[in-house]
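Because the structure is predicted, anything quoted here is derived from the model rather than measured. Only this structure's heavy atoms are used, side chains among them; waters, hydrogens and symmetry mates stay out. Throughout, a chain's letter reflects where its sequence line sits, starting with A, and its residues are numbered from 1.
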Number of protein chains: 2
Amino acid sequence: MERATEPFRGSKALPGGFVEDGERLEETAARELEEETGVSSSRLYLEQVGVYSSPDRDPRGRVITVSYLAIAPNLPTPEAGEEATSADWYEVNPGLSTELAFDHDLILQDALERARSRLEHTTIATAFCGEVFTIGDLQRVYEIVWGVSMDSRNFRRKVTSVDGFLEGTGEKRNGGPGRPGALYRKGPAQVLHPAMLRSRMQLES
Amino acid sequence: MERATEPFRGSKALPGGFVEDGERLEETAARELEEETGVSSSRLYLEQVGVYSSPDRDPRGRVITVSYLAIAPNLPTPEAGEEATSADWYEVNPGLSTELAFDHDLILQDALERARSRLEHTTIATAFCGEVFTIGDLQRVYEIVWGVSMDSRNFRRKVTSVDGFLEGTGEKRNGGPGRPGALYRKGPAQVLHPAMLRSRMQLES
DNA sequence: ATAATAGTGTCTCTAAGACAGTATGCT
DNA sequence: AGCATACTGTCTTAGAGACACTATTAT
């Protein structure tokens with residue numbers, strides 16, 4: 001969001017807000033996300049990332065922030081809430097040279113690293129996709145979040161060999177250009193055994 | 001610690017306390033640990049694990065807890081602080097059937113899982129050992145934290161092949177029974193590439 | 001002598017890395 | 001026709017799993 005009030009008026013900042021009585025912090029995060037961006041809390045993956053508690057991180061006084069990583073498909077166009085002059089989605093990958101308010105640069109970087117790590121060890125990449133998706137869709141998630149290109153043959157072998165990662169629907173996707181791809185949905189597996197390696201990241205031509 | 005005051009008087013609980021003005025939470029954790037157990041904050045590995053924020057988790061009112069995992073060698077005998085009738089170290093591995101105060105059972109379980117996961121992906125097992133240690137010492141860390149037995153030949157091959165995990169000192173350990181083992185110290189590597197696998201945990205006779 | 005720990009070497013097997021061509025839809 | 005995406009298969013290589021014996025110390 002672009003902040004409408006001091007401090008850091010005019011700077012971009014992550015959405016957030018204060019916890020209310022009787023609320024767990026996860027509920028606070030989901031509520032603020034929905035209020036400020038319109039992302040509904042259904043079909044939303046939400047994971048706690050870290051706590052930021054430097055005494056002087058907010059010039060107004062002592063504020064301790066707990067950050068959450070949210071993953072959801074089909075993002076709605078955000079509308080600016082009360083404390084923002086504008087709200088939008090930004091690509092985080094090339095650069096991350098943004099200048100965010102407070103220590104939000106650090107918070108964003110930690111969350112991005114968490115997302116990248118989760119893609120290695122869990123099946124959470126499917127949370128970026130809709131109900132059904134092709135293997136090509138899933139590969140695009142990995143390539144964008146990791147910022148690399150991957151070999152499609154090896155990628156296909158990997159995701160189809162891990163038990164419970166993907167469940168085939170009988171359907172195919174029609175409409176776009178190219179040969180229609182088989183549609184899958186998220187399987188029951190939560191963790192990836194063995195992990196999806198991102199050590200040797202080779203570039204595809 | 002065994003609690004000396006209500007609520008949960010007489011129950012065991014993890015050490016902890018409230019944050020003070022101008023303190024980062026990591027400093028709070030280190031301070032409370034030292035006050036209540038005598039573990040000094042030098043040579044201490046401290047890592048944030050999670051936030052616990054259920055509105056009714058403390059019957060006295062709204063308390064949000066941030067938990068930390070601490071790893072240190074050569075633990076001193078703890079002395080009970082002000083709010084405890086006794087303080088001691090407990091083995092966490094066989095059972096974890098403890099009945100801790102508040103939601104500390106959950107906190108402990110999350111921290112244990114974090115420690116186990118860190119042993120897979122980082123070189124932090126060395127933080128359980130003193131300045132110098134043998135490969136047998138290091139294997140014992142893995143076996144105790146993971147609760148398994150490992151093949152010493154494969155373990156040795158692994159830890160010596162990962163670059164920067166161990167740095168050889170010229171020394172050997174003398175004194176105990178058995179052939180003296182070569183002493184190593186922690187190397188510069190922080191992450192384990194590839195990871196130390198704990199998937200197939202076989203039992204050694 | 002016996003027990004306890006340290007150290008060495010090989011075979012197998014799983015899975016990742018590299019790599020090219022065919023198939024099927026759209027415009 | 002040309003383009004875009006989907007799909008199939010092989011060789012190589014890195015590294016984990018399983019496994020037995022010798023070496024060196026303390027008691």
### Task
Please assess B:Glu2 against B:Lys12 for the test salt bridge (Lys or Arg N to Asp or Glu O under 4.0 Å), listing each intermediate value before the final yes or no.
CA-CA 4 Å; B:Glu2 190 173 324; B:Lys12 295 195 179 65; 5.2 Å; no

### Phosphate OP1/OP2 of D:dC7 contacted by A:Ser152 side-chain N/O (<4.0 Å)
no

### Message
Side chain of A:Arg156 only, heavy atoms from C-beta on: which candidate in D:dG15, D:dT8, D:dA18 is closest?
### Response
D:dT8

### Query
C:dA20 base to A:Arg153 side chain: any donor-acceptor pair below 3.5 Å?
yes

### Query
If you find the nucleotide of DNA chain D closest to B:Lys158 and the one closest to B:Pro180, which residue's nucleotide is nearer the 5' end?
B:Lys158

### Query
Starting at CG of B:Leu192 and ending at C1' of D:dG15, how long is that distance when rounded to a whole Å?
13 Å

### Query
Given that A:Met196 and B:Ala182 both sit by DNA chain C, which one's nearest nucleotide is further toward the 5' end?
B:Ala182

### Message
Tell me the interatomic distance from A:Leu183, atom CG, to D:dT5, atom C1', rounded to whole angstroms.
### Response
13 Å

### Message
One pair to check against side chain to side chain contact (heavy atoms under 4.5 Å, CB included): B:Val49 and B:Tyr68. What are the steps and the verdict?
### Response
CA-CA 5 Å; B:Val49 177; B:Tyr68 282 79; 5.8 Å; no

### Task
Rounded to the nearest angstrom, tell me the gap between atom CZ in B:Phe155 and atom C1' in C:dG7.
14 Å

#### Entry: Rounded distance in Å - CZ (B:Phe133) to P (C:dT5)
19 Å

### Query
Which part of the nucleic acid, if any, lies within contact of B:Thr134, taking any heavy atom under 4.0 Å across all strands shown: a base, the sugar-phosphate backbone alone, or nothing?
sugar-phosphate

### Query
Do you see a donor-acceptor pair shorter than 3.5 Å between the side chains of A:Tyr52 and A:Asp110?
yes

### Query
Once you round it to whole Å, what is the distance between P of D:dC11 and CZ of A:Arg157?
13 Å

### Query
Which class fits the ring pair A:His121 and B:His121: parallel under 30°, tilted 30 to 60°, perpendicular over 60°?
tilted

#### Entry: Value in whole Å for how far the P atom of D:dA16 lies from NE2 of A:His193
15 Å

### Message
In this structure, how many angstroms lie between the C1' atom of C:dG9 and the CG atom of B:Asp151, rounded?
### Response
12 Å

### Query
Of all of residues 165-177 of chain A, which get a heavy atom below 4.0 angstrom from DNA chain C, listed by number?
A:Gly175, A:Gly176, A:Pro177

### Query
Are a donor atom and an acceptor atom from the side chains of B:Gln139 and B:Glu143 found within less than 3.5 Å of each other?
yes

### Query
Counting side-chain heavy atoms from CB outward, which of D:dT5, C:dG25, C:dA16 is closest to A:Arg179?
D:dT5

### Summary
Of C:dG25, D:dA16, D:dC19, the nucleotide closest to the side chain of B:Asn154 is D:dC19

## Note on the structure
To the nearest angstrom, the CG-P distance between B:Asp163 and D:dG15 comes to 12 Å

### Message
If we count only N and O atoms by modelled type, under 3.5 Å, do the side chains of A:Thr65 and A:Arg57 hold a donor and an acceptor together?
### Response
yes

### Ring centre gap for A:Phe8 and A:Phe102 strictly below 6.0 Å
yes

